[in-house]
Amino acid sequence: MTSNASRSTLSLLGTMATALALQSCFQRGSFAVLFVHLLCLEVITYCVYMVVIYPFFLSPLRGGKFLLGHGMAAYEQPAGNTFLKWMRNVPNDGLIFYRGLFYQDRLLVTSPQALSEVLVTRTYDFQKPKILRDFLRLFLGDGLIIVEEDLHQFQRKNIAPAFTFRVIKEMYPVFWAKAKQFVRVVGEQVAHSPQETLHNAKAEDASVVEIGRWASQVSLDTIGIAIGQDFQTLANSQDPLIANYKELTNPTFENQIYFLCNMVLSPTFVSALPWRVNQRNKRLLRNIASKCLGLIETKKEELESGTRASRYSDVLSLLIESRNFSTSQLVDQILTLMVAGHETTWSTFTWITFLLARHPGIQQNLRNEVTENLPCPKSADPSEVDFDFDVAEKLPILNGVCNETLRLYPAIPVTARDVVRPTQLAGQHVPAGTQIIVSPWAINRDETLWGADAHEFKPERWIDIDEAGKQRVNNTGGTHSNYAFLTFLHGPRSCIGQGFAKAELRLLVAAFVACFEMQMADPHEVVIPYGVVAVKPKTGLHLRLKRLPV
Ligand code: HEM
């Protein structure tokens with residue numbers, strides 16, 4: 001602000017000096033008349049420059065469309081890539097201003113300092129867009145993802161104990177059992193659809209598999225584990241809760257149009273329309289709520305009678321035991337966890353296998369590491385349940401591969417916040433109504449934070465070598481800022497399930513790499529990340545898998 005004031009003063013002085021000079025050169029007209037003429041000329045030139053010349057011809061962001069501005073930037077694929085280009089090319093001090101759809105004010109946040117203000121220091125000044133919350137509320141009620149301010153603080157405080165390190169540690173054997181089932185069923189598919197050969201392996205040992213389908217099923221089953229109910233989708237069980245959930249979240253053309261209408265019009269207006277999707281959604285939600293109620297009742301009975309079948313404390317039991325949630329609030333939280341944890345983990349696992357298929361050397365090193373340190377995923381040894389799976393957290397290559405994939409392919413590449421009250425950001429006043437854009441995709445690939453090789457897959461970023469020459473896990477990726485890695489965001493609204501997701505991914509990847517050698521089915525395929533939430537390969541990920549004799 002100070003520099004703007006001094007620039008105006010300087011410009012005014014300049015105009016006065018020019019008026020004086022002209023007056024003395026031509027000896028005509030009064031100083032005041034010349035000054036006023038010059039000032040008008042300057043103002044007109046300035047306006048033409050600001051309104052026409054700069055935005056349309058000179059600005060690095062020139063090219064915005066009529067009425068759309070640069071609003072489509074958030075939807076260009078891969079989502080977040082346009083923001084990454086702007087961060088590279090538009091000089092900025094932590095914020096890039098642009099015009100969204102219908103010229104709405106948008107600020108892209110680019111520096112760790114500004115990110116810390118949005119995500120941590122003044123979280124509740126920057127809230128999830130109301131229209132998105134209203135839409136999600138139709139499905140998730142007042143679940144953790146949707147609520148704001150005091151209610152969010154209350155829920156977060158009471159849900160967090162269900163995601164502590166100790167709780168996740170107890171779940172490791174269950175995750176491992178699921179990982180074993182996963183490699184078994186994928187192995188059966190490889191054995192039963194012998195189409196391809198790999199390195200001259202016998203045909204029945206190698207076949208092409210679309211890995212996303214399996215990743216989706218194992219991730220749903222694992223979320224089930226969080227709520228104390230293994231849905232067994234891997235075993236093709238037709239759990240009615242899952243059947244309804246899948247119908248609700250299936251990205252059909254009609255569902256996508258429905259979502260768009262909700263975002264452009266208002267969820268209240270769209271739900272009042274005589275559209276069959278509305279009736280269908282109501283029916284599905286009624287079914288889901290009744291299944292969740294059944295789940296909660298059974299869990300409550302188990303807890304009261306002390307007949308809990310499993311030795312681990314699932315998230316739902318812990319929420320019930322906290323006595324802070326009514327039954328209908330528990331239903332909201334169950335659905336929230338399913339929606340938040342299913343596609344995100346599915347997408348990340350898919351990208352891990354993609355990167356391993358593209359980097360056979362890293363794949364082999366990882367295989368060596370996990371086979372040396374973890375039990376065999378095909379073993380039926382019952383004592384395995386006592387194995388200390390914490391060791392998986394200390395395996396440098398496993399940790400490096402998972403973190404590096406999470407960095408390069410964040411499941412949520414772009415997220416938005418609305419400024420709900422006038423506030424400050426990066427030293428600037430920001431009025432209410434401005435929309436803030438945070439792009440994990442762009443920040444995670446920013447060369448100023450990650451170096452010139454930011455776009456490369458380098459698990460070694462996450463590995464230190466100690467004095468004895470041993471590899472050690474490093475959890476910063478070698479950067480100097482916490483805010484360089486935004487996959488789970490940071491602060492009070494960061495992903496509450498990140499420890500859960502990382503633990504699950506580690507064991508799934510370990511079991512998978514131990515059992516299969518992966519190659520791209522078509523080594524020349526250009527795999528396109530697609531989607532705005534839970535980005536996945538556009539046409540699925542087709543891998544050629546060879547079963548290994550573990
Ligand atoms: C690789 C997997 C995952 C990724 C990349 C991920 C990423 C994220 C991100 C970026 C957010 C913040 C979104 C925003 O505010 O705009 C978030 C929130 C959340 N995530 Fe995750 N997530 C993952 C897995 C999970 C899992 C497995 C669970 C539950 C079991 C979960 C539960 C949640 C919940 C409840 C929130 C809302 C937190 C709040 O607002 O306080 N997530 N996640």
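Start at 1 with the first residue, then count along the sequence. Just follow the structure's listing: the first ligand is 1, and inside any ligand the first atom is 1. Owing to the predicted nature of the structure, the values given are computational and were not obtained by experimental measurement. We use all heavy atoms of the structure for the numbers below, so side chains are in, but hydrogens, waters and symmetry mates are not.
Put simply, CG on Asp134 and CD1 on Ile146 are 9.0 Å apart, with the number rounded to the nearest 0.5 Å. Leu541 contributes atom CG, which lies 10.5 Å from atom CE of Met518 (distance to the nearest 0.5 angstrom).
For atom 21 (Fe) of ligand 1, protein N, O or S atoms under 2.8 Å: 1 in total.
Counting heavy atoms under 4.0 Å from ligand 1, residue Ser347 does not touch it at all. Heavy atoms from both the backbone and the side chain of Leu144 come within less than 4.0 Å of ligand 1. At a heavy-atom cutoff of 4.0 Å, ligand 1 is contacted by no atom of Lys502, backbone or side chain.
Here the protein heavy atom with the shortest distance to atom 16 (O) of ligand 1 is Thr415 OG1, 2.6 Å. For atom 1 (C) of ligand 1, the nearest non-hydrogen atom of the protein is Thr348 OG1, 3.3 Å. Protein heavy atom nearest atom 13 (C) of ligand 1, with residue, atom name and distance: Leu489 CD1, 4.1 Å. For atom 37 (C) of ligand 1, the closest heavy atom belonging to the protein is Ile145 CG1, 3.4 Å.
Of the listed options Arg417, Arg493, Glu504, Arg417 places a heavy atom closest to atom 15 (O) of ligand 1. Nearest residue to atom 10 (C) of ligand 1 from Thr222, Leu505, Thr487, Val535 is Thr487 (criterion: closest heavy atom).
Short contacts between ligand 1 and Ser494, defined as distances under 4.0 Å to a heavy atom of the residue, involve ligand atoms 38 (C). Close contacts between ligand 1 and Arg156 involve ligand atoms 38 (C), 39 (C), 41 (O) [criterion: under 4.0 Å to a heavy atom]. Every atom of ligand 1 with a heavy atom of Ile223 under 4.0 Å away is listed here by number and element: 30 (C). Shown in contact with Lys128 at under 4.0 Å from a heavy atom are these atoms of ligand 1, numbered in order with element: 14 (C), 15 (O), 40 (O).
For the pair Arg213 and Phe349, the NZ or CZ position fails the cation-pi test of under 6.0 Å to the six-membered ring centre and within 45 degrees of the ring normal. Cation-pi check for Arg88 over Trp86 is not met; the charged atom does not lie both under 6.0 angstrom from the ring centroid and within 45 degrees of its normal.
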Tell me which donor-acceptor pairs under 3.5 Å the side chains of residues 498-506 have, and how far apart each pair is, sequence neighbours excluded?
from: Glu504; atom 1: OE2; to: Thr222; atom 2: OG1; distance (Å): 3.3
from: Arg506; atom 1: NH1; to: Tyr172; atom 2: OH; distance (Å): 3.1

(request) Test Phe97 against Leu108 for side-chain contact (heavy atoms from CB on, under 4.5 Å), laying out the working first. (result) CA-CA 6 Å; Phe97 175 82; Leu108 172 69; over 6 Å; no
(request) Please lay out, stage by stage, how Thr164 and Lys169 fare under the test side chain to side chain donor-acceptor pair (under 3.5 Å). (result) CA-CA 9 Å; Thr164 57; Lys169 185 177 152 83; over 6 Å; no
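Side-chain polar atoms of Asp221 and Thr233 form a donor-acceptor pair below 3.5 angstrom.
When atom types are taken as modelled, the side chain of Ser347 and the backbone of Val535 share a donor-acceptor pair closer than 3.5 angstrom. When atom types are taken as modelled, the side chain of Asn399 and the backbone of Leu395 share no donor-acceptor pair closer than 3.5 angstrom. A donor-acceptor pair is defined here as one N or O able to donate and one able to accept, closer than 3.5 Å; such a pair exists between the side chain of Ser271 and the backbone of Pro267.
For Asn250, the CG atom is densely surrounded, since the number of other residues' heavy atoms within 6.0 Å is greater than 12. Within a 6.0 Å radius of OH in Tyr75, no more than 12 heavy atoms belonging to other residues, nucleotides or ligands are found.
Considering both main-chain and side-chain atoms, Thr336 never comes within under 3.5 Å of ligand 1 through any nitrogen or oxygen pair. At under 3.5 Å, a nitrogen or oxygen of His152, whether backbone or side chain, sits near a nitrogen or oxygen of ligand 1.
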